[in-house]
Each structure stands twice: as structure tokens, then as C-alpha cells.
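Below, chains carry the letters A, B, ... as their sequence lines are ordered, and counting in each starts from 1.
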Amino acid sequence: MSKRTVVIGLLGPVLDNGRGPQRWERWRPTISLCQHEDLLVHRLELLYEPKFTTLAKLIEEDVRGCSPETTVRPHSIAWSDAWDFQAVYGALHDFARTYPFDTENEDYLVHITTGTHVAQICLFLLTESHYFPAKLLQTSPPGKRPDDPGQYAIIDLDLSRYDRLASRFAQEARESTSFLKSGIETRNKRFNALIDHIEKVAINSRSPILLMGPTGAGKSQLAKRIYELKKARRQLAGSFVEINCATLRGDAAMSALFGHVKGAFTGALKDRPGLLRAADGGLLLLDEIGELGLDEQAMLLRAMEEKRFLPVGSDHEAKSDFQLIAGTNRNLAARVAEGRFREDLLARVNLWTFVLPALRQRPEDLEPNIQYELDRFAQATGMRVTFNREARERYVCFSVSPEAKWNGNFRDLNASITRMATLSAGGRIDVGIVEAEISVLQRLWQTPDDHGDDEALLRQCLDERTTATIDPFDRVQLAYVIRTCLESRSLSDAGRQLFAISRLQKSIANDADRLRKYLARFGLRYPLALP
Amino acid sequence: MILIDGSQGEGGGQILRSSLGLSMVTGRSFRIEKIRAGRAKPGLMRQHLTAVQAAAQICGADVEGDAIGSQSLTFVPSKVKAGEYRFSIGTAGSTTLVLQTILPALLRADGPTHVTLEGGTHNPFAPPFPFLQQAFAPLLAKMGAKLTLELDRPGFYPAGGGRFTALVQPCDVLTPISLIERGAVMHRCCTAIVANLPGEIAKREVCEVGRLLGWTGDELRIRDLKDCGPGNIVVLEVASEHVTEVFVGFGEKGVLAEQVASGAAEDVRDYLTADVPVGRHLADQLLIPLALAGAGEFLTLAPTAHTTTNADIVSRFLDVRIVIEQREGTRYHVCVRS
């Protein structure tokens, strides 16, 4: 047995009106919807104002005559003024909330052809917000034959059910995600899935977003893109305000964020609105939010929850309604455990958390990003620079190798491309430039304080027995000395670097000797022989 | 399982109704596909669905595909249950078509059945109530089955609201009949009915009938109904020695009363001129009863697509042969043989 069809509709005091036998020659929407051969209305919930009771009775009788399969249930519903939006919405809202919907067994149609335009708008809104779990039903009069029931159309507000609309939305989503990726044709599956997800959240939500990820992974750039996307969709009218919380220290932090009034403290010569107020109606990016002081955190939480806060020295609360994007490269939960980040603030910003991967986790995306950086350079300087084929292959090959750590992520890539482009002769980057750049990057990513690397280095230079006799205190120093020796042209050169401070106070430089004696204590001699 | 192509022949609801009726009476299951395939709104409409549900209720059938717009339907009948039934049908469908669907089964049921039907009773595109009562029921009586029809109030399109009851007395064996001679005209009568409309319309209609057919005096009657309608119908009855025929014209918005009357009067003239006992619509209704009787014959006018389609469906369910042959002029001989 298929589901029963239930129509909920308002009596139309004008359109449904008519007396005498002539009424059957008029098109009456409520009657017409029960006359269609291909629409069987099992039940009609007829809402009417008490003053139209007589008409409601006549309509009920006429429906019974022309559609005996239909049960009519009249509901008296009162509002003082059928054009008063609040009154009408309230009454219909009450009806919807108390109506015993049985969606398992019944399909509901909300008839929106009758009633004032205000009532029609209210019915639409209540259906759109699922208070009426229904589709809309629109009836329209016949063309020629007056006793013909005319036409009807059922409109499902679940737009995903319409193929042509769905493909339109899919196209729009593709454009949005491409926009969020700055038009870069990224190939990394996980990254693309992440951006798809962010796009949905950005379009559908005004809640805070937390962007995590290492420095330079593009948090700030992405936040700006989210803002521009929302602005293009007319979801935001205000400005994009960006601040790195690491730069907000001490007393100035409060004032910078929340503003102050003139005379609030020494030097407060005039009112300052503060960043939160600047972001009213817009988007506030608080990068490195983990660096924010505890007092500022408390104030920020209140500003987010109540959209109001107290500027420094002011007796009057200021208002600002902004969307927050927080950025961090720290583990905020650990900061909470240390007592350095408020748990309630974390809960508030933690609703939509996205972790941007480091560049080295997206090797597929390096090539498109290299091209993007070259384009950006061209835009900034007006100089178009290209790789020759061999140079491009060499650079791409290095960039995706495990050797390329990209510790600074896009910041490193941007700097690297800028260096090569600047040095290129005639806008052409050749292998020589690439090789030099690779050396620069390798040096940049050396990790002298990396404990694991120290151990490996010591094991390479000393036999195991000797290594075992050295205190951890001395191991770090020795590893540093060995590394310097390996990178230096001569013993004297290494000595000059290692004793750079103390040698200034000596009349005779004996750096090489001091270094030789130090190495000898561990049975080592310059030049160091690595296996 | 008999497979029916719903798009064959006349291609409308008649194929479905005949199939339902024959399936109930024979106990043979069927599946119909491409129901009303070529129509603007294909598949089952409300009136067809009501017929399906009425049929299913009476014979306890298992049904698949009984939904509006469905283009295929499987019907597995069980035993026909006599008794008390009530069916309602919306304005565009006619109660008489529902009766037509369930009647064959009720003729063979194990007891009398009383059916109340609500909705339209005087609709175009369906046998109107006066036709069933005055033309069709007497012939069934001749065959041994008793169909008593009583009109509580008429239901016109579009307001509907009509109601009639049908009492069906079954009989074990239907007697074949032969309707070759019409015999002399015994009685003629034109009744113009206006329900909740100006009486002037009815007057103009009987005037026109009188003018065209030469009927006079008592042969021209007017009935003015107040508590139903609005609606208008002109009913022309020709009672002959061996058969009574009924022809109707429906009043319609924008159509002159004289046109309504002259259309029906022309049907009467064609019928009388052809000198056949059975008119087109009656021919249509007689096929299934004759087939159930196993034999019978009649002379009629050129068969409609309804009649030929019906004949085809009958032979799918029952082991009978229906031969339609043209005789002289516009006369056709329809013969049912086992």
C-alpha cells in the first residue's frame, strides 16, 4: 500500500469564494486540487479564519461531493490581521508544531496558492525549515474550459532531487573549491578531499573554524580565500581582519583586540576601536591563537558567545558580530593541559577543525605549486620567468625527494622560487641556478640540534667503545665540532668559527691548536675521515 | 498468468476494467502492462484505481502496482464474496464504470450483493445511470440475472455528489439471448433534466427534440431538481418490442441547449434508420454477459474501438469466439460461440 496524500492548505476567502450553482463555473483552488485525475488527496487539512466559517463549510461540502475519497478536516485558526507577518507565522508555527505528522504513512503537500501573500510566505518558510515535513503544492487556473481543474505543480524544496539543479550546484562547488585552492590544480587526494570539506563548511556555516598545520602550510592564505568566497556569495559584508597573536604581548594585546577609550591608560590619547570591531560583519583571523594570553582568551570567548565585550577603560559594551577563523601550529589540547589555554575556548573554536598537511606530505602538489609561485612572481615583478626543461626536471625531482624537508612549507617554496627567478638571466632558470638553490635549501634544512643526527654522526667518526665512554654532556658539543670541521675548508677555518668569541680577546690566535687538542681527547684528527 | 498489453486497440481504461471483471469471474490472474501508454497522463488515474480497489476488495485479490501513474498491474483474484459494499469515486470518474467492472463477478457470486456507489452518475464518457437502468438491466433480466438499480440522487460533473444502489441477484447459468429483431416501437420518451439550473434550458431541449423527431405531448418531459447539481442531461428512450434503447445528451457550459438536444436526437434517428435492436453503447455492455452465457447474438451499428477491444479481451479469459460481420448497410452481426 502506497502512502496516503495529505494536503494542508488555507481557505482562500477570495479565490475559493462562490455561491450558487455558478460557483462550479469558477476555478476555486481548494476545490481544484481535489479534482485532478492523477492526484488523489486522501485528506485535506483546511485552515480557515473563524469569520469565514460559512465558506469553509461550503468548501467542505463541495469537496465531499466532487471527491468522496477525500476526508476534509477543518481547522479554525485565528490571527488578528492576515497581513501581519508575526501573527500569521506564529499561528501557523503553532499548528505545525502540534500537528501529528506521520511521515511513515503519509506524504504531505502544503498548498500555497490561497491565503494572503504573507500567509504564503509563512507557509513557504515553515516548509523550508521542515516544520512542515512537506512538499509545496501550487495550483493554477485552466486556460479555456472553466470547469476544468486546471494545473498543479508539486515543488520539492530538497533541491538535490533535481538533476539539472544538482549539476549546477556541483559546478558551483567545483568553482568554489578551485577558488579556495587559488586555482592551483592540486593532485593530492587527501588535500583535495580536505578542501571539498572546507568548502561545504565555509558555504553553509558561520561557526568558528580552526585551521591547524605547520607554519607556512597556507592557513592564512586559505582563511583569506574563505573570506573572499563568502563575500562573493554575499554571506559576509564586513572586512577581513588578520592578526598573528604571537605579536600581541602584554598590555597592548587587550587594547589591540578589544580597543580602548581615550584616557584609559597613559598614552591612550584617543579612542581605538580594536580589531574585533573592525571585523564586525566580516571575518577575523587569529593566527597562532595558542599564543594569546589567558585574559584575552576569556574576553574573546565572551565576545564570541555574546557578540559583545568591554573595551579597555570603557563602561559601555561594544558589539561585534564576526566569524572567527583560528590558526595554530601547536597542539592546543596540550596547551590546555599545561594551563596555558582555556578549555572552554578550545571547545568553542574546535567545532570545525581542519589540519592542513605539510608540503612534503603532498609531493604530487609540488609541481603545480612551483608553477603557481612562478606566476605570482610574474605578477609581483612584471617579469615572466621559466625553467628550461632540464632545470625544471632537476628542481621538481629534488623538491619531491625525501631530502627536501620543506620545513617552512610554502614560505620556503616561495623564497626558493623568488631566489631562482631573481638570479635567472633573461628570465630563464638553468640547471646551474637550480643546483645552487638546492645547496641553499639543504643548508637551510640542516638540523644541528637534532639529537638523532648527533648520535649517527658520532657513530660514524668513533668506534662504539669510545662512544660509550662519552658523557651525554660532551656528545652534543663533540657532534657540533665534528659538523663544523666537516663543513670547513681547513682546521684553522673550523677553529675560527668555533672560537669566534674568545679569540677576540687573545693577542695570538691559537684556534687551530685548541681544536686539534680537543679532537685528540677523543682520538680524532683533522681532516676527519668518514667511512 | 494472462499478459495484457494495455496499449492495444482503444488503449484506455476499458481494457483494464474488462480485464478486472473477467479475472474476478474466471479466477484467472493477469498482468497488464503499458496501461494507457499513449495518453497525456499515462498509467492508472484515480477512477481506474478505484475500480482496481473495488475489484480487489470483492474477490480478495493480491494486487501489485495499484498506485496513481502506475503503468503495470498484477491482479491475482481469490474467491468472490457476495455481501454489502460501498464505493466512492471522484468527480471525473463515473460510478457506473465501477459497477461495470464488478458486475460480471457479482452475477456469478454465491449470494445477492448490495452495492452503494457514490460520485458521478450522469457523466459523459461513461454509461449514464438511466441507460443502465432502462436499457441494460432489462436485458440482464432476460438472461436470468436480476439487477435492481435505484438512484438516490444524480451526480453531475464537476460537482459530483450522486449516489445509487445496485442489488445484484446472481444466477448459476445465464441464458443466451438473440437480439436480431427490434420489433415495433412501443413507447418513446424524452426527459430533459435540469438540476439547480434554469428550467428554460430543459424547455428548449424538449422543444428541439420534438421538432427533430416529431415527438409530442407526453413524450416530452421535464424534470427540475433542486438539491443537487448543477447539471443538465437529456435522456431519449425508445422502447421496442424486444429491446429498450437509451440515448443521452449532456449539457455543457458554452453549448446551446438546442445543440445538446439535437446531438442525442441524431443518435436516435441513426438507430431507428438502421433498424437494429442494439445501439453502439449497449453492444459494448452486452459482450461480457453473452460470453459468460457461452452464446448469443445481436445486430448492431458499426462497432466502436471499445467493442472490438472488449471482444479481444473477452477471448483472452474465456473460451469463446466472438465474430463481428458486416451485414447490409450500417448493420453488423455480433455472434458469441463457445
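Among the candidates B:G119, B:P230, B:C228, the residue making the largest number of heavy-atom pairs closer than 4.5 Å to chain A is B:P230.
A:L40 CG to B:M45 CE: the interatomic distance, rounded to the nearest 0.5 Å, is 11.5 Å. Separating the CH2 atom in A:W24 from the OH atom in B:Y157 is a distance of 10.0 Å, to the nearest 0.5 Å. Note that CD of A:E37 and NZ of B:K41 are 8.5 Å apart. Values are rounded to the nearest 0.5 Å. To the nearest 0.5 Å, atoms SG (A:C66) and CD1 (B:I89) are separated by 13.0 Å. The structure places OG1 of A:T5 at 7.0 Å from CD1 of B:I68, a figure rounded to the nearest 0.5 Å.
The shortest non-hydrogen separation linking A:P68 to B:G90 is CD-CA, 3.8 Å.
Applying the 6.0 Å contact sphere to CD of A:E175 captures more than 12 heavy atoms from other residues, nucleotides or ligands. Open room surrounds NE2 on A:H130; 12 or fewer heavy atoms of other groups in view lie less than 6.0 Å from it. Atom CG of A:D163 has 12 or fewer neighbouring heavy atoms from other residues, nucleotides or ligands inside a 6.0 Å radius. Counting non-hydrogen atoms of neighbouring residues, nucleotides and ligands closer than 6.0 angstrom, the CZ atom of A:R206 exceeds 12 such neighbours. Residue A:Q151 places its CD atom among more than 12 non-hydrogen atoms of other residues, nucleotides or ligands, all under 6.0 Å distant. Other residues, nucleotides and ligands place more than 12 heavy atoms under 6.0 Å from the OH atom of A:Y162.
Contact annotation for A:I31: neither backbone nor side-chain heavy atoms come within less than 4.5 Å of a heavy atom of chain B.
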Report, one line per pair, each donor and acceptor closer than 3.5 Å where one atom sits in a side chain of residues 107-116 of chain A; sequence neighbours left out.
{"from": "A:Y108", "atom 1": "OH", "to": "A:D102", "atom 2": "N", "distance (Å)": "2.7"}
{"from": "A:Y108", "atom 1": "OH", "to": "A:E106", "atom 2": "OE1", "distance (Å)": "2.6"}
{"from": "A:H111", "atom 1": "NE2", "to": "A:T113", "atom 2": "OG1", "distance (Å)": "3.4"}
{"from": "A:H111", "atom 1": "NE2", "to": "A:T139", "atom 2": "OG1", "distance (Å)": "2.9"}
{"from": "A:T113", "atom 1": "OG1", "to": "A:Q138", "atom 2": "OE1", "distance (Å)": "3.0"}
{"from": "A:T113", "atom 1": "OG1", "to": "A:T139", "atom 2": "N", "distance (Å)": "2.8"}
{"from": "A:T113", "atom 1": "OG1", "to": "A:T139", "atom 2": "O", "distance (Å)": "3.3"}
{"from": "A:T113", "atom 1": "OG1", "to": "A:T139", "atom 2": "OG1", "distance (Å)": "3.1"}
{"from": "A:T114", "atom 1": "OG1", "to": "A:L10", "atom 2": "O", "distance (Å)": "2.6"}
{"from": "A:T116", "atom 1": "OG1", "to": "A:A82", "atom 2": "O", "distance (Å)": "2.8"}
{"from": "A:T116", "atom 1": "OG1", "to": "A:A119", "atom 2": "N", "distance (Å)": "3.1"}

For B:R46 and A:E69, what are the C-alpha separation, side-chain angles and deciding distance, and is it a salt bridge (charged side-chain N to carboxylate O under 4.0 Å, His left out)? CA-CA 10 Å; B:R46 275 168 71 178; A:E69 304 100 310; 3.2 Å; yes

